[in-house]
*Asks:* 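Handing you a structure now.
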Protein chains: 2
Amino acid sequence: MSSTERLQRYLADERGGCGDEEVSQRLAELEEIDAAAGGPALDQDVGLLSALANETRYKIVRILHVAGEELCVCEFAPLLDVSDSAISHALSQLTDAGLVTRRKEGKWRKYRATARANAVLIALDGSREL
Amino acid sequence: MSSTERLQRYLADERGGCGDEEVSQRLAELEEIDAAAGGPALDQDVGLLSALANETRYKIVRILHVAGEELCVCEFAPLLDVSDSAISHALSQLTDAGLVTRRKEGKWRKYRATARANAVLIALDGSREL
DNA sequence: ACCATGATTGAATAATTGCTCAACTGAATG
DNA sequence: CATTCAGTTGAGCAATTATTCAATCATGGT
């Protein structure tokens, strides 16, 4: 069964129209919606979301967000139950995704949450009780 | 090496203080930040982000967001290159995560994006150019 | 120059995920 | 009530991911 046959029956059911014209018009609408939905930002967004979709990485970003200042890698270690290496991997992925920025200061590395990271966390917080 | 030894050296380096007191005070600050960061919402948030962190599921939510109305499962099928089963699995996970709601109408099932889903997508859109 | 330390990288591996197929449930219709 | 159709569920498998260990890079002190 082609996927548009089901759509055709659906449209006949819901809207009374049952001609091919009806179907292709709705299909065109849906594809317009799809085009608006799936711009080039899609991959970037999914990358960002994947980076946040892990407890270790989420916690790092949350901590930076709450701290409101840049933190040294060595300050995360006591708060996260994973190896230094895992923390470093996490920070790399977060940097690639545009959620944190890195700055060298002598032998220490300091990380800060980006505006984008803060925006997403604020949206999560603001919509929690909806 | 304990993870607080490094922190101790860091604080000595950055702030001049080198006593145990300095370290335990900063540790207390960090743990307070951590506590504020890692509330009970953590698992829920990571679940939500995991649900969105997949192209198929992200597209579904985007489509619903752009459409601004409820859509029938049969309307997604022509737009997504996966099986009906995969769409159904995706919708279940999105429902569990609180990103979409489900409604029965006769033999059809209609889904709608939640306010939370819309809030997160708006945050992503609004922070894209930052 | 050498060494110690902070952090990163790459390989290896265990765990998780995403998809499909096949079987199933529930609703409408003859 | 048998059949058809919309959608869901669960098992199984391929692909991806999260972590650790070991090796390495980079910085600063001796």
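These numbers were taken from a predicted model, which means no experiment stands behind them. So you know, we letter chains A, B, ... as the sequences are listed, proteins then strands, and number each from 1.
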*Asks:* List the atom of L99(B), the atom of A51(B), and the distance in Å for their closest heavy-atom pair.
*Replies:* CD1-CB, 3.9 Å
*Asks:* Taking only the side-chain heavy atoms of W108(B) (C-beta and beyond), determine which of dA7(C), dA6(D), dT20(D) contains the nearest atom.
*Replies:* dA6(D)
*Asks:* Measuring to OP1 and OP2 of dC21(C), would you say a side-chain N or O of S83(B) lies under 4.0 angstrom away?
*Replies:* no
*Asks:* What's the closest nucleotide to the C74(A) side chain, out of dA18(D), dA7(C), dG10(C)?
*Replies:* dA7(C)
*Asks:* When you measure from the side chain of N54(A), which nucleotide among dT19(D), dT8(C), dT8(D) comes out closest?
*Replies:* dT19(D)
*Asks:* Could you tell me if R62(B) and Y58(B) have a donor-acceptor pair between their side chains, going purely by distance under 3.5 Å?
*Replies:* yes
*Asks:* Count the heavy atoms of every other residue, nucleotide or ligand shown that sit under 6.0 Å from CD of E105(A), and state whether that count exceeds 12.
*Replies:*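 Yes, because the 6.0 Å sphere around CD of E105(A) holds more than 12 heavy atoms from other groups.
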*Asks:* To the side chain of K107(B), which of dA6(D), dT5(C), dA18(D) is closest?
*Replies:* dA6(D)
*Asks:* I'd like to know if H89(A) reaches the base of dT20(D) with its side chain such that a donor and an acceptor end up less than 3.5 angstrom apart.
*Replies:* yes
*Asks:* Just call it for Y111(A): base, sugar-phosphate, or nothing, with non-hydrogen atoms closer than 4.0 Å on any strand.
*Replies:* sugar-phosphate
*Asks:* Taking only the side-chain nitrogens and oxygens of S85(A), find out if one of them lies under 4.0 Å from OP1 or OP2 of dT20(D).
*Replies:*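 No.
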*Asks:* How do S88(B) and E105(A) order along DNA chain D: which one's closest nucleotide is nearer the 5' end?
*Replies:* S88(B)
*Asks:* Can you see which heavy atom on S50(A) is nearest to which on R57(A), and at what distance?
*Replies:* O-NH2, 3.0 Å
*Asks:* By nearest nucleotide on DNA chain D, pick out whichever of E55(A) and K104(A) is the more 5' one.
*Replies:* E55(A)
*Asks:* When you check the phosphate oxygens OP1 and OP2 of dA18(D), does a side-chain N or O of R57(A) lie under 4.0 Å from one of them?
*Replies:*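 Checking R57(A) against dA18(D): at least one side-chain N or O falls below 4.0 Å of OP1 or OP2.
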*Asks:* For the side chain of A86(A), counting heavy atoms from C-beta on, which of dT20(D), dT8(D), dG26(C) is nearest?
*Replies:*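 My answer, after comparing the listed nucleotides, is dT20(D).
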*Asks:* What do you reckon, is CD of E14(B) surrounded by more than 12 foreign heavy atoms closer than 6.0 Å?
*Replies:*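 Enclosed.
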*Asks:* Could you check which residues of residues 45-53 of chain B get a heavy atom under 4.0 Å from DNA chain C? Sort them by number, please.
*Replies:*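 The answer is none.
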*Asks:* Between dA11(C), dA7(C), dT8(C), which nucleotide gets closest to the side-chain atoms of C72(A)?
*Replies:*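 Comparing dA11(C), dA7(C), dT8(C) against the side chain of C72(A), the answer is dA7(C).
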*Asks:* Would one find a side-chain N or O of R6(A) under 4.0 angstrom from OP1 or OP2 of dC5(D)?
*Replies:*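 No.
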